[in-house]
Structures are given as C-alpha cells and as structure tokens.
Amino acid sequence: MERTFVMVKPDGVQRGLVGEIISRFEAKGLKLAAARIEALPAERVVEQYSEHMEKPFFQGLKAYIMSGPCFLMAWEGKDAVAVVRRMVGATNPAEAAPGSIRGDFGLDIGRNVIHASDSRESAARELGIHFAPGELVEYSRIDEPVIYE
Ligand code: IDP
Ligand code: MG
C-alpha cells in the first residue's frame, strides 16, 4: 500500500470541486487517511514547490496557491501515487485527457485545479510538509475485500 499527497488548489475550492474530487478517489477504492482545508503559509508553499523556485512561473504559482484556502488530503491504496497522477491528468488542463480531473475541469496551465505527488519520494516529502504523523489515520474500509483480489 502507498500513500500520496493530493491538494485541491484555491481555484478548485472556490469552484466547489472538492466534493466531486473526493468522490472520484473514494469511488476508485482509495482510502482517505487525512484531510484539511487551510490557507497555506508562504514557507510551506515554497517548500512544496521548491523544485520550481528558479522557473519563470514561480512567483505566479506562489500567488495562485496563496490566493485562497487549499484542501489537503492523504490518499492510500495500491499504487496510489501513479493511480492518482493518472486520475489528475497532464499539467496543462487544455491537453489533459478527458476523464481526468484536469481534463474535465480546467483550461489554463496556471489554474489547473489540483496537485498530486509525482513519486513515492515526493509523496513522503510532501506528506511530511503538510501533515504531522499522528494526523494520518489508520483504518480499514469494509469494502477492501471486494476492491482487492
Ligand atoms: P504537476 O503539477 O503536473 O506536477 P509541475 O511541472 O510540477 O506540474 O508544475 C507544478 C505546478 O506549477 C503546476 O501544477 C502548475 O500549477 C504550475 N505550472 C507549471 N508550469 C506552468 C507554466 O508554464 N505556467 C504557469 N504555471 C505553471
Ligand atoms: Mg510536479
């Protein structure tokens, strides 16, 4: 089992997409381990996106992520990191596959609704930035025996 970090960005929260997005991951069979709505402080936004610090879009990205509250989640399941990235879709929503979250709900690369960790290492790092270990809840979903072989 893997855990991954997922965040509905301020545009997704403002557009009322939090419930739709949770529903997709729940229906897939993934397990919600933590969730919180929060206006992120600058230092955690910079830490989250440190790999992009030198990019021309960084200041705009930081202002976008700080423009309103985000909805932070930890999702758990088999191959959760890769599965969630596929469900999120390509970075540019205009090119993201229909059926993916970005493909269904966005048009602009600078307003792409959602973030998801891109590797197991990023997932561990990002979960550590936003959640204390005790915030990740361990439990079983009663439907696990019919979701997994
Ligand atoms: P990802 O979110 O699909 O992993 P990254 O390349 O890691 O994409 O970029 C992180 C975030 O930075 C994107 O989700 C998007 O919000 C923003 N971003 C990336 N490229 C651009 C750009 O060219 N213009 C504006 N924002 C961008
Ligand atoms: Mg990325």
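The residues of the chain are indexed from 1 along the displayed sequence. Numbering of ligands and ligand atoms starts at 1, following listing order.
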Interfacing atoms of ligand 1 (cut-off 4.0 Å, heavy-atom, [X]):
X: Thr91; answer: 1 (P), 3 (O), 8 (O), 13 (C)
X: Leu61; answer: 12 (O), 16 (O), 17 (C)
X: Arg85; answer: 1 (P), 3 (O), 4 (O)
X: Lys9; answer: 13 (C), 14 (O), 15 (C), 16 (O)
X: Asn112; answer: 13 (C), 14 (O), 15 (C), 16 (O)

Could you check atom 2 (O) of ligand 1 against the protein and tell me its nearest heavy-atom contact, residue, atom and distance included?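 That would be Arg102 NH2, 3.0 Å.
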Give the residue, atom name and distance (to 0.1 Å) of the protein heavy atom nearest atom 22 (C) of ligand 1.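 Looking at atom 22 (C) of ligand 1, the protein heavy atom closest to it is Phe57 CD2, 3.6 Å.
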Please determine, by modelled atom types, if Gln48 and His130 share a side-chain donor-acceptor pair under 3.5 angstrom.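 Gln48 vs His130: donor-acceptor pair found between side chains.
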Would you mind telling me if ligand 1 is within reach of the side chain of Lys55, the backbone, both or neither, using heavy atoms under 4.0 Å?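 Within the 4.0 Å criterion, Lys55 makes no contact with ligand 1.
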Applying a 4.0 Å heavy-atom criterion (strictly less than), which segment of Lys62 is in contact with ligand 1: side chain, backbone, both, or neither?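 Lys62 to ligand 1: no contact under 4.0 Å from either part.
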Surrounding CG of Leu136 (heavy atoms of other residues, nucleotides or ligands, distance under 6.0 Å), is the total greater than 12?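 Correct, the count exceeds 12.
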Answer yes or no: does atom NZ of Lys78 have more than 12 heavy-atom neighbours from other residues, nucleotides or ligands under 6.0 Å?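 At most 12 heavy atoms, drawn from other residues, nucleotides or ligands, come within 6.0 Å of this atom.
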Tyr64 six-ring face occupied by Lys9 cation (under 6.0 Å, within 45°):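 No cation-pi geometry.
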State plainly whether one hydrophobic cluster holds both Phe131 and Leu40, where clusters connect Ile, Leu, Val, Met, Phe, Trp and Tyr through side-chain heavy atoms under 4.5 angstrom apart.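 Yes.
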Any link between Ile22 and Val8 through a network of hydrophobic side chains (Ile, Leu, Val, Met, Phe, Trp, Tyr) touching at under 4.5 Å?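 Same cluster.
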Among Glu51, Gln48, His52, closest by any non-hydrogen atom to atom 7 (O) of ligand 1: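 Going through Glu51, Gln48, His52 one by one, His52 has the nearest heavy atom to atom 7 (O) of ligand 1.
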Ionic contact status for Arg125 with Glu51, cut-off 4.0 Å: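 Not counted as a salt bridge, because no side-chain N and carboxylate O are separated by less than 4.0 Å.
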